[in-house]
Amino acid sequence: MVPELSETSTLNFEKSINDKASTKESYKTGYEWKIVWRNVMIFAYIHLAALFGLYVLFFRAKYQTAIWFIVVAIPGGLGITAGAHRLWAHRSYKAKWPLRFILMIFQTIAFQDDIYQWVRDHRVHHKFTDTDADPYNVRRGFFFSHVGWLLVHKHPDVTAKGATVDCSDLKQDPIVIFQKKWYRYLMPLCCFIIPTLVPCWAWNESLLYSWHCVVCRYCLNLNSTWLVNSAAHMWGMKPYDKSISSANNAGVAFAALGEGWHNYHHVFPWDYKAAELGNYRLNFTTAFIDFCAYLGLAYDLKTVPADIIRKRAARSGETYEQ
């Protein structure tokens, strides 16, 4: 059973999320970037090693390693999309503890900071989109919103205004707190060590080849998520609100397991589908959540009534006359 929000509650919630007057400010162009050179070197290595990993994957590695690559990559992606994003950041559905634990492991495989930090930054992004308080502010350009924000010190507004974002629900989730406490040990095991050693032990893959395939998988997971922050805020259709930067981008939806319907998501961030489509077209994450609901592991899946979606599109979408 998928509960629908009433029109009144939906519009009130929408107003609280998208109140531009209270949360946004003009973009300050005078901010000086302070480069974190350690991060520059780390991400440079990751991308160079990933290029070699692609070569290994297609021309040198055993076929079992290629299968293992997919077996690890998809859960890693779901840990971000179904876990950190739709479950913990937006609370668009509820999950029983076995599913929350599985999604925590999946999110650890992805290694994009622990759940608490990922969710905090993402909530700040939604509350202060396209301002200096937005951690991945697209107004600073594609490179910054894609990866550059990780290569420089945060703008002071990100820290100051980020402190105003409520994350008390995360502090009450024992699985989130468990991961946060043990992250420095869980992350290397889940993201790098175990995925590298399994091919070596199970089918005698070269350690060098296995390692570079793992780094390649990690790099692709990273860039898939980053595309939502960059490309999906620059290119695509805006059928629900043409005044915001986020756009529906099918290419990003494919790469990020359904997260590319971004204009819809920023207008209706509490919808568990993160998309208006009723089917699973380019939205593997929705199919996964629905399957978990079928198993009884996910419940209270929030969605938006079709008439409210149509009214919003007619009121502010770019394909409609105002």
> With a 4.5 Å heavy-atom cut-off, do Lys127 and Val165 have their side chains touching?
Replying inline: yes
> Is there a side-chain contact between Ile109 and Arg217, using heavy atoms and a 4.5 Å cut-off?
Replying inline: yes
>> Are Val147 and Leu51 connected into the same hydrophobic cluster when the rule is that any two of I, L, V, M, F, W, Y join if their side-chain heavy atoms are below 4.5 Å apart?
In response: no
> Is there a side-chain contact between His153 and Ile35 (heavy atoms, below 4.5 Å)?
Replying inline: no
>> For a quick test of reading the model, state the closest non-hydrogen atom pair linking Ser245 to Asp130 and the distance between them.
In response: OG-OD2, 2.8 Å
> Are Trp88 and Phe178 linked, directly or through other ILVMFWY residues, by side chains that come within less than 4.5 angstrom of each other?
Replying inline: yes
> Aromatic rings His122 and Trp118: how do their planes relate, parallel, tilted or perpendicular, breaks at 30° and 60°?
Replying inline: parallel
>> So that I know where these two stand, are Phe284 and Phe288 an aromatic pair - ring centroids less than 6.0 Å apart?
In response: no
> Any idea which heavy atoms bring Asn248 and Pro239 closest together, and the distance?
Replying inline: ND2-CG, 3.7 Å
>> Any heavy-atom pair between the side chains of Arg123 and Val119 that's under 4.5 Å?
In response: yes
>> In the structure I gave you, are the side-chain heavy atoms of Thr164 and Phe128 within less than 4.5 Å of one another anywhere?
In response: yes
> Do Trp149 and Tyr136 have their ring centres less than 6.0 Å from each other?
Replying inline: yes
> Is there a donor-acceptor contact under 3.5 Å from the side chain of His155 to the main chain of Asp157?
Replying inline: yes
> Quick one: OG on Ser224 to CD1 on Ile80, what's the gap to the nearest 0.5 Å?
Replying inline: 10.5 Å
> Does Leu257 offer a backbone N or O that forms a donor-acceptor pair with the side chain of Thr285 under 3.5 Å?
Replying inline: yes
> Can a donor-acceptor pair be found between the side chains of Thr81 and Glu259 at a distance below 3.5 Å?
Replying inline: no
>> Between Glu276 and Tyr240, is the side chain to side chain donor-acceptor pair (under 3.5 Å) condition met? List the steps.
In response: CA-CA 10 Å; Glu276 73 280 17; Tyr240 303 102; 3.1 Å; yes
> Taking all atoms of both residues into account, what is the closest heavy-atom pair of Leu78 and Phe106, and its distance?
Replying inline: CB-CD2, 4.3 Å
>> How close do Ile115 and Val176 get, counting heavy atoms only, and between which atoms?
In response: CG2-CG2, 4.0 Å
> Side chains of Val198 and Trp203: closer than 4.5 Å at any heavy-atom pair?
Replying inline: yes
>> The test is side-chain contact (heavy atoms from CB on, under 4.5 Å); show your working for Lys302 and Tyr272 and say whether it passes.
In response: CA-CA 6 Å; Lys302 297 183 179 68; Tyr272 88 99; 5.5 Å; no
> Under a 4.5 Å cut-off applied to non-hydrogen side-chain atoms, are Tyr55 and Tyr209 in contact?
Replying inline: no
> Counting distance only, does the side-chain N/O of Ser145 pair as donor-acceptor with the main-chain N or O of Gly141 below 3.5 Å?
Replying inline: yes
>> Hydrophobic clusters here meaning ILVMFWY residues chained together by side-chain heavy-atom distances under 4.5 Å, can you tell me if Leu103 and Leu295 are in one?
In response: yes
>> Can you classify the ring geometry of His266 versus His262 as parallel (below 30°), tilted (30 to 60°) or perpendicular (above 60°)?
In response: perpendicular
>> For the residue pair Tyr264 / Asp271, report whether a side-chain donor-acceptor contact shorter than 3.5 Å exists.
In response: yes
Distance-only donor-acceptor hits, side chain of residues 185-195, under 3.5 Å, sequence neighbours excluded:
none

>> Pair Phe69, Leu220 - check side-chain contact (heavy atoms from CB on, under 4.5 Å), show working.
In response: CA-CA 11 Å; Phe69 178 95; Leu220 290 178; 3.7 Å; yes
>> Hydrophobic clustering (ILVMFWY, side-chain heavy atoms < 4.5 Å, transitive) - are Val228 and Leu150 grouped together?
In response: no
>> Please give the remaining members of the hydrophobic cluster of Met234, linking ILVMFWY side chains under 4.5 Å, ordered by chain and number.
In response: Val138, Phe142, Trp235
> Looking only at heavy atoms, which two atoms of Leu301 and Asp290 are closest? And how far apart?
Replying inline: CD2-OD1, 3.5 Å
> Are His146 and His233 close enough that their ring centers fall under 6.0 Å?
Replying inline: no
>> Assess the residue pair Asn223 and His47 against the criterion (side chain to side chain donor-acceptor pair (under 3.5 Å)); give the C-alpha distance rounded to whole Å, side-chain angles, the decisive distance to 0.1 Å, and a yes or no.
In response: CA-CA 10 Å; Asn223 281 277; His47 284 78; 3.3 Å; yes
>> I'd like to know if Asp173 and Arg100 make a salt bridge, using a cut-off of under 4.0 Å between side-chain N and carboxylate O.
In response: yes
> What about His265 and Trp261, are their ring centers closer than 6.0 Å?
Replying inline: no
>> Just by distance, no angles: are the side chains of Thr131 and Arg139 close enough, under 3.5 Å, to form a donor-acceptor pair?
In response: no
> Hey, is the main chain of Gly296 close enough, under 3.5 Å, to the side chain of Lys96 for a donor-acceptor pair?
Replying inline: yes
>> side-chain contact (heavy atoms from CB on, under 4.5 Å), that's the test. Do Val36 and Leu151 meet it? Break it down for me.
In response: CA-CA 5 Å; Val36 181; Leu151 308 180; 6.0 Å; no
> Are the aromatic ring centres of Trp226 and Phe43 under 6.0 angstrom apart?
Replying inline: yes
> Between Lys154, Arg140, Lys161, which is the residue that forms a salt bridge (Lys or Arg N to Asp or Glu O under 4.0 Å) with Asp132?
Replying inline: Arg140
>> Go through it in stages, so that I can follow the logic: the residues are Ser316 and Lys242, the test is side chain to side chain donor-acceptor pair (under 3.5 Å), and I'd like the CA-CA distance, side-chain angles, deciding distance and then a yes or no.
In response: CA-CA 6 Å; Ser316 56; Lys242 64 183 180 181; over 6 Å; no
> Which is it for Trp270 and Phe268 under the ring-ring contact (aromatic ring centres under 6.0 Å, His included) test, yes or no, and what are the steps along the way?
Replying inline: CA-CA 6 Å; Trp270 61 93; Phe268 303 110; 5.7 Å; yes
>> Show, in sequence, the C-alpha distance, side-chain angles and deciding distance for Cys292 and Ile289, and conclude whether the side-chain contact (heavy atoms from CB on, under 4.5 Å) test is met.
In response: CA-CA 5 Å; Cys292 291; Ile289 296 172; 5.6 Å; no
>> Let me check something: do Leu170 and Leu99 share a hydrophobic cluster, defined by ILVMFWY side-chain heavy atoms less than 4.5 Å apart, either directly or through other members?
In response: yes
> Tyr93 and Ala82: which non-hydrogen atoms are nearest, and at how many Å?
Replying inline: OH-O, 2.6 Å
> Restricting to pairs with a member in residues 36-64, which pass salt bridge (Lys or Arg N to Asp or Glu O under 4.0 Å), not counting sequence neighbours?
Replying inline: none
> Would you call Lys180-Asp113 a salt bridge at under 4.0 Å N-O?
Replying inline: no
> Is there a side-chain contact between Asp114 and Gln179 (heavy atoms, below 4.5 Å)?
Replying inline: yes
